[in-house]
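Encoded as structure tokens, the structure appears first; notes follow it.
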Amino acid sequence: MEYRIEQQMELNEKLRILADAAKYDVACTSSGVERENGGRGIGNCITPGICHSFSADGRCISLLKILFTNECIFDCRYCINRRSNDIPRTSFTPEEVCELTIGFYRRNYIEGLFLSSGIVGSPDVTMELLYQTLFKLRREYHFQGYIHVKAIPGADPELIERTGYLADRMSVNLELPTAEGLKHLAPQKQRPKMLAPIRQVRETRRQNKNELALYRHAPKFVPAGQSTQMIIGATGESDWQIMKVAEHMYKKYEMKRVFYSAFLRVNEDSLLPVLPGGPPLLREHRLYQADWLLRFYGFETEELLSKDKPDFNLLLDPKCDWALRHLEQFPVEVTKADYPTLLRVPGIGYRSAGRIVRARRLGTLDYTNLKKMGVVLKRAVYFITCGGKQMYPVKLQEDYILRNILDGKEKLPTGDSSSYVQLSLFDDPRFSV
């Protein structure tokens, strides 16, 4: 399978165009996989992170994020690379991607590669070019760093499988939360075709796990799992619909991550909404917070939202909003509550909940200990007791707690009910859940 790639443009100019075109794809994250060099190649892959994250030894590490090509046979109305747009078009060759990756790695700029692509020629042609690129990197350049690559919907399953044995993570973007939204803004794409490679990756990963259990040195297929991305705000889906889709992807397709991208109007098109406030970034943030609750805190979508309450409260994070609607479950006694119950307390994250459970086996706890464990007391103080006592006299009333949380002051409440606490979106490094 061959495709003639334009060679006239300078490599630096190609890089400028294709790196800029890749910025709209947010479906990249820490690697979640570890691979040692073994002395036979260059680079390695450390579990805790890629893509501007932090590795086990504290280094901030990143990846080269590019499109293989910004040419595309589709005309999706929300995409800057749509076929009808008059923009500079170019493509890398597999050799050029390898040279860039190795060159940036040797300069210590990156430790991995995120490779996406428009659809050039056909899905099979594009997937073949991506496979050739990864094969060269792994076999000819002996690159052992992290690689995240797109699986192209509609491509030959054999090509996707061969590529999956060379990549650490694969992803297929759902683009829009529902099939109706896709039909409205990207009628050339079909939801079943987009789900087919996602289903294939899930099934092949399951088979590969069985092979690895029998043969320790069997090749690994997409060891860091798969992810997907949805554009938020381009169509009229509610937060409840979006979270139901995400929950379905996690449960049925064993998705590693679902990413949410606030709609940015990059094209003038009558079918695209005009959002007066710009991209819905706060809504995107709330969806990420809720996503964290689904994956790590034991929540279900139906607990956070419903048909009657289909959208998140933009003033409060989803966990705090849920707690205010279920005050009958509070206060929680931190010296006795089990781990799942602690996870539902605003201001207590999954790490601090684990520390509380471990620490109380060895001795007594007080509020000073809780603060050292990472509990955000200015939020948790309304919902907990420690040793049967409140930290300060506070009322377990929705209006009172909401008023204190939303007020502009950042002090812990005192006996004076006029002293309030401000909700900060950044109190908890894990999206303030």
Side-chain angles (χ1 to χ4, degrees), residues 23-29 51 76-80 171 173-182 184-186 227-250 255-267 269 271-297 299-325 346-347 349 376 379 402 405-406 408 422-433:
K23 67 185 179 183
Y24 300 104
D25 198 325
V26 300
C28 55
T29 184
C51 191
C76 306
R77 295 179 179 271
Y78 49 80
C79 182
I80 189 65
S171 59
N173 289 347
L174 289 177
E175 307 287 357
L176 297 166
T178 62
E180 292 76 14
L182 198 68
H184 182 59
L185 295 182
S227 59
T228 191
Q229 172 183 338
M230 293 185 283
I231 300 171
I232 305 305
T235 44
E237 294 88 2
S238 66
D239 294 342
W240 178 72
Q241 289 176 292
I242 293 168
M243 293 311 301
K244 290 294 287 184
V245 172
E247 188 174 51
H248 179 73
M249 298 306 293
Y250 285 127
M255 198 65 59
K256 189 74 173 181
R257 283 294 304 273
V258 175
F259 290 87
Y260 311 92
S261 178
F263 169 66
L264 180 64
R265 189 184 172 96
V266 296
N267 297 320
D269 193 295
L271 292 183
L272 294 176
V274 178
L275 305 179
L281 298 177
L282 183 54
R283 184 186 184 194
E284 175 191 292
H285 181 65
R286 293 289 180 238
L287 289 168
Y288 274 116
Q289 290 176 315
D291 184 272
W292 204 267
L293 295 179
L294 295 185
R295 291 190 295 134
F296 297 109
Y297 287 77
F299 281 85
E300 301 282 340
T301 297
E302 296 296 343
E303 296 180 88
L304 302 172
L305 297 169
S306 64
K307 288 185 178 180
D308 297 329
K309 184 185 180 299
D311 295 307
F312 289 115
N313 184 345
L314 295 181
L315 297 177
L316 291 174
D317 69 86
K319 187 176 177 182
C320 194
D321 184 55
W322 173 85
L324 287 177
R325 290 185 285 111
V376 184
R379 195 172 316 158
L402 181 62
I405 287 177
L406 295 181
Q422 179 187 17
L423 171 66
S424 169
L425 298 178
F426 306 103
D427 286 338
D428 189 324
R430 297 292 186 176
F431 297 106
S432 299
V433 291

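- Under the 3.5 Å distance criterion, the side-chain polar atoms of Tyr288 are matched with a main-chain donor or acceptor of Tyr260.
- Here the rule is salt bridge (Lys or Arg N to Asp or Glu O under 4.0 Å) with Lys244, and of Glu300, Glu237, Glu302 only Glu302 fits it.
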- Message: Apply side-chain contact (heavy atoms from CB on, under 4.5 Å) to residues Arg295 and Arg257 and explain how you reach the verdict.
- Response: CA-CA 9 Å; Arg295 291 190 295 134; Arg257 283 294 304 273; 3.0 Å; yes
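- Of all the heavy atoms in Val258 and Met255, the pair that sits closest is CG2-CG, 4.1 Å.
- Listed here is the closest heavy atom pair of Gly181 and Leu176: O-CD1, 3.2 Å.
- For the pair Leu174 and Met249, the minimum side-chain heavy-atom distance is below 4.5 Å.
- Counting all heavy atoms, side chain and backbone alike, Gly349 lies closest to Tyr297 at CA-OH, 3.2 Å.
- Closest approach of Val266 and Cys79 over heavy atoms only: CG2-C, 4.3 Å.
- Side-chain atoms of Arg77 do not come within 3.5 Å of backbone N or O of Asn267 as any donor-acceptor pair.
- Considering all non-hydrogen atoms of both residues, Phe259 and Ser227 come closest at CE1-CB, 3.9 Å.
- No side-chain heavy atom of Lys319 sits less than 4.5 Å from a side-chain heavy atom of Trp292.
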- Carefully, step by step, assess Arg286 and Asp321 under the rule salt bridge (Lys or Arg N to Asp or Glu O under 4.0 Å). CA-CA 11 Å; Arg286 293 289 180 238; Asp321 184 55; over 6 Å; no
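- Of the candidates Leu304, Thr301, Asp308, Thr301 is the only one forming a side chain to side chain contact (heavy atoms under 4.5 Å, CB included) with Trp240.
- In this structure a side-chain-to-backbone donor-acceptor pair under 3.5 Å is missing from Asp311 to Ser238.
- In terms of heavy-atom proximity, Tyr250 sits nearest to Lys256 at CE2-O, 3.9 Å.
- Panel note: side chain Arg265, backbone Leu272; a donor-acceptor pair is recorded below 3.5 Å.
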